[in-house]
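To keep things clear, I will list the structure first and then write my remarks on it.
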Amino acid sequence: MARRSFLADTSANAADASLSFTGGVRSQIEGSSFLRGDDRQRVKDRRSLNIQKSLQILDESVSSPTPRSRTGGLRRASYAPKSLTPSSKYDTSVQFTPNKAHQLSQNEPQFGRQLAGSTMYGQSMISTMGDDFTEEITTTNVALLLEEDPGISACRGMYRDFLQCMKALPSETQVFDLLNEYERVCQEQVTILYKLVNRAASRSEPKYQKTFNMLHMLEMEKHTWQLIKSLFHDRLEKELEEMQMALDEINPLTMMKQSEQEAVTRLFEKDRTIRESQLVIDWLEKCAQDVVENYGDNAKFFSDRAVAWENTLHKLKKSGGVTFGNERPMVTEMDPDAPFRQKKMLDDLDQEDECRLLQYLFICLRAGQIDKAQEVCKSHGQAWRAATLEGWKLYHDPNFEGPNGQIDPVVGNPHRVIWKCMCWAMAADPKYDVYEKSIYGALSGNLRAMLSVCKSWLDHVWAHYKVLVDLRAETEIRTMCTVDTSMDVPSEYWEQPSDPETIFHRIEAIESIRRESQDFYHIIQKWVILGDVDKLLDVMAQWIRGQEKTLPQHLIRFMAHVVLFIRCTQHRVNEDNCNVVLEAYVRYLIEDDHKELVSHYVSKLPPKAQVHWYARFLEGITNVEEKQMCLQLAEEVNLDIPQITKTVVENIRNKSGAGLPAATDVRLDVTVTEEDKKKIAAIDWLVFDTAQRAEAVKQANAVMRTFIAVKKLAAAREVFDKLPVDSIDIIYRNWHIQTGNDELPAEDENAIREYLCMKSYLDAMDSFNEWFTKFHHTKPVKPTAPYAASFTEKVAFEHRLKQYEQELDRWQRGLLAQTENTTKLMYNVLLFANGGWMVDQKECDSDPGRKQQMESLRQLILPQLCFLLHDILHKTEQYPECLQLADHIASEQHMLYKVFRQDELQHLLHLFRESSLAVLDQNKDPLGYEID
């Protein structure tokens with residue numbers, strides 16, 4: 001049977017229709033009456049914006065190769081696509097990377113995959129863009145090319161861009177506008193990377209391989225945002241309409257026989273599965289449009305005149321239709337079925353052009369551009385083939401809807417079923433070109449024919465979903481319409497898979513794309529298509545838990561924003577899985593030093609996690625200005641700053657342990673380490689806000705306790721100086737403002753008392769250090785009398801001796817004053833009022849460990865202070881005062897003797913014995929009293 005001519009005949013009456021179940025949902029929406037006028041206008045506006053963006057990108061990336069000569073006086077047209085070569089006429093796959101590509105899977109850390117099976121990416125794309133990238137290399141481009149990883153460097157700003165998009169569109173009602181912004185950001189980065197790829201296409205360094213992989217990843221992300229936006233928008237929009245649709249089904253008018261177009265229109269309105277399936281097809285075809293656009297501005301590249309098989313026609317005219325000698329038998333007629341009817345060949349160049357044309361037509365069909373495919377056919381003398389691509393249009397006679405005073409034209413193909421049968425037969429006939437079979441297989445729902453040219457995961461999903469929509473629409477037509485089935489499709493048509501879950505199981509079982517189906521983005525796309533949000537979140541959380549260190553950084557960013565989108569659009573989600581993904585992104589932002597971004601994403605976590613992660617982030621901030629900036633950012637997103645800063649100080653303080661050394665383990669460790677400096681600097685977090693001054697005092701006290709215990713008095717003094725001098729007044733003022741009461745709670749009052757205890761001790765030790773320096777390092781040295789000196793030398797010696805005596809007198813007076821001051825400050829510690837040094841006045845159980853630490857500190861410090869005080873008094877020959885110290889230690893009022901160990905008391909008694917012996921030399925009794 002002359003199938004080509006028959007197809008053209010059965011399609012000749014097919015007019016433009018407003019709806020096709022194998023066409024795009026976009027045309028369905030714009031042409032359907034159930035959409036409001038403002039919705040249609042919004043869709044058109046968006047299409048206009050997308051077209052403008054596409055044209056802009058096309059201007060940057062498309063070039064026109066130079067013409068090539070043809071034999072026989074004919075030449076190849078100037079717009080021939082570079083990937084359509086005779087050696088690859090049955091293969092649309094192209095190699096994207098110059099080196100061996102990496103398969104992207106869950107088991108491989110490198111984010112890249114073998115792109116040879118995809119019709120969407122390729123070295124051909126780079127080559128096609130190459131001639132048009134003639135702009136001068138800018139400083140930015142040069143800098144990026146010199147980077148160790150140009151792809152990562154070029155895309156680092158995406159983290160900030162995504163946050164800016166979220167801040168610009170914060171409302172839940174703007175969530176789909178936000179997705180448009182995400183897509184725009186990805187497209188901008190893709191454009192930049194295309195330029196880098198073009199510059200680096202001839203290089204083989206591994207760093208450029210990473211750039212290729214980054215380009216692929218962002219292309220995938222852009223397409224996934226498009227898919228999410230399309231499907232989720234439809235799902236949310238239809239939730240309210242489904243109830244009305246259910247009522248419409250009860251209307252008896254809906255059960256009347258309808259035209260094919262009306263039946264399928266109503267099917268799309270009421271059937272969520274077929275509507276979403278068509279959206280998936282639209283998305284897949286939109287993804288494929290990039291390649292078609294990159295072939296050139298025009299598709300007139302198969303011949304220079306609108307004549308089919310021009311080389312064959314030229315030879316027939318030249319020879320009069322007669323073949324000579326050993327020439328191959330060539331067709332003698334020029335109708336579409338002549339090669340099959342006569343079993344003769346076309347001219348080699350025409351056969352090559354035919355293969356190229358069919359391949360390009362399938363690419364147009366794969367990209368949803370059937371109108372463009374028809375234009376190509378007509379412009380190359382194959383109007384009959386353009387007519388065969390018309391037969392799918394659904395039949396509808398508007399004149400049956402009721403009289404309106406005029407006769408409206410009938411639209412669609414009244415012989416569509418016959419046309420479809422012929423398409424199926426052609427798709428199953430082995431003598432036809434594989435791309436010709438795939439074209440008519442796509443139009444008739446023949447999955448086997450389409451799969452023969454599908455190379456990538458996206459291609460397979462497209463083919464299966466084309467069949468799904470075709471089957472369900474055909475079933476609806478047979479149910480609601482009168483269909484002539486005298487010539488019908490074979491039973492194999494009805495046995496093809498039409499369930500989404502089954503489709504993905506079948507695709508994942510295909511050996512050639514099994515690994516590609518494990519691509520992170522394809523898995524996300526799969527669960528988005530299936531509408532299983534819980535499974536999507538579970539899968540992403542599993543990736544984080546199992547292989548976070550090997551996941552691409554931009555994938556984590558993408559998943560985090562997907563989670564935030566799902567939270568805005570879904571009523572109930574698994575918050576645990578959401579938080580796992582968000583925490584992974586926060587962790588990355590902290591580790592990669594994105595300081596200005598952390599607060600916003602931390603604010604999306606539960607309160608407890610907010611405190612944990614932002615405190616962890618602040619621990620690494622040391623610059624004072626950066627600290628203020630981070631606190632300001634936290635305040636903008638309403639984080640619990642008091643609890644966070646408290647946690648920061650506690651975390652830093654506890655990293656080396658919060659306990660104090662035992663009384664028998666007193667170390668003299670005066671070296672201030674980097675860890676000590678972090679603890680000191682941590683107090684800054686609590687003094688920025690005066691409302692936290694009480695907490696600042698408590699935390700500073702805790703840090704000083706540790707430093708004093710290990711004799712790091714300089715570090716303890718630095719901590720003390722971090723607290724403003726008006727801290728106590730501020731604490732009282734804050735409490736009065738809050739409660740109207742001047743009596744502080746026990747916890748705050750104890751903290752202030754401990755703060756004063758610290759001050760007294762540090763002042764005493766500072767004074768002791770001054771006394772020690774004055775006593776041991778500033779005492780004048782007595783001059784030595786010269787031996788056998790002359791009169792002049794004796795006079796000079798007497799002058800120096802007198803000067804020495806004057807300096808010694810000044811030194812003694814200064815030492816006495818310093819001794820009195822130091823003694824007084826030390827007694828301030830030993831005889832601290834109202835219970836003693838480091839003893840709380842009010843009971844408080846909020847921090848049990850603190851009380852134990854303070855008791856340990858008393859046992860460490862007070863005995864040492866007594867020894868120092870005795871040493872000062874003894875060396876300055878104040879022996880009676882030394883013995884008076886014994887009275888204070890033995891006093892039941894202060895009970896200082898209780899803080900001494902047995903060996904310390906024995907040593908102290910030995911010192912008192914020496915002072916008692918020394919006081920006897922001053923004509924006093926052994927206790928230092930005057931003898932009558």
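Excluded from the calculations below are hydrogen atoms, water molecules and symmetry mates; all remaining heavy atoms, backbone and side chain alike, are included.
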Can a side-chain donor-acceptor contact be found between [Y] and [X] if the only test is distance below 3.5 angstrom?
X: S856; Y: Q852; answer: no
X: W225; Y: E221; answer: yes
X: T645; Y: Q692; answer: yes
X: E183; Y: Q187; answer: no

Mind checking salt bridge (Lys or Arg N to Asp or Glu O under 4.0 Å) for [X] and listing every partner two or more places apart, or none if nothing turns up?
X: R858; value: none
X: E172; value: none
X: K774; value: none
X: E625; value: none

For [X] and [Y], which heavy atoms make the closest approach, and how far apart are they?
X: I566; Y: L537; result: CD1-CD2, 4.0 Å
X: Q841; Y: N750; result: N-OD1, 3.7 Å
X: A696; Y: L686; result: CB-CB, 3.5 Å
X: T690; Y: N734; result: O-ND2, 2.8 Å

Open item on the list: Going by ring-ring contact (aromatic ring centres under 6.0 Å, His included), name the residues that satisfy it together with H888, two or more places apart in sequence or in a different chain.
Closed with: Y827

A quick test of your reading: do over 12 heavy atoms of other residues, nucleotides or ligands sit less than 6.0 Å from [atom1] of [X]?
X: Y897; atom1: OH; result: yes
X: R545; atom1: CZ; result: yes
X: Q632; atom1: CD; result: no
X: K842; atom1: NZ; result: yes

Any salt bridge (Lys or Arg N to Asp or Glu O under 4.0 Å) involving [range]? Give me the pairs, sequence neighbours left out, ordered by first then second residue.
range: residues 608-624; answer: E619-K655
range: residues 628-652; answer: none
range: residues 563-579; answer: R567-E575

- [ ] Provide the full list of ring pair (Phe, Tyr, Trp, His ring centres under 6.0 Å) pairs with a residue in residues 601-633, sequence neighbours left out, each pair given once.
- [x] H561-Y601, Y585-Y601, Y614-F617

- [ ] Could you name each residue pair satisfying ring pair (Phe, Tyr, Trp, His ring centres under 6.0 Å) that touches residues 720-746, not counting sequence neighbours?
- [x] F720-Y755

TODO: Can you label the angle between the H776 ring and the W771 ring as parallel, tilted or perpendicular, going by 30° and 60°?
DONE: perpendicular

- [ ] Apply side chain to side chain contact (heavy atoms under 4.5 Å, CB included) to V185 and list each qualifying residue two or more places apart in sequence or on a separate chain.
- [x] M158, D161, F162, C165

Task: side chain to side chain contact (heavy atoms under 4.5 Å, CB included) partners of D721, counting only residues at least two apart - done: R717

- [ ] Give a yes or no on whether the ring-centroid distance for F232 and F565 is below 6.0 angstrom.
- [x] yes

Open item on the list: Could you check whether Y182 and F558 have their ring centres less than 6.0 Å apart?
Closed with: no

Task: Heavy-atom side-chain contact between R705 and R850 under 4.5 Å - done: yes

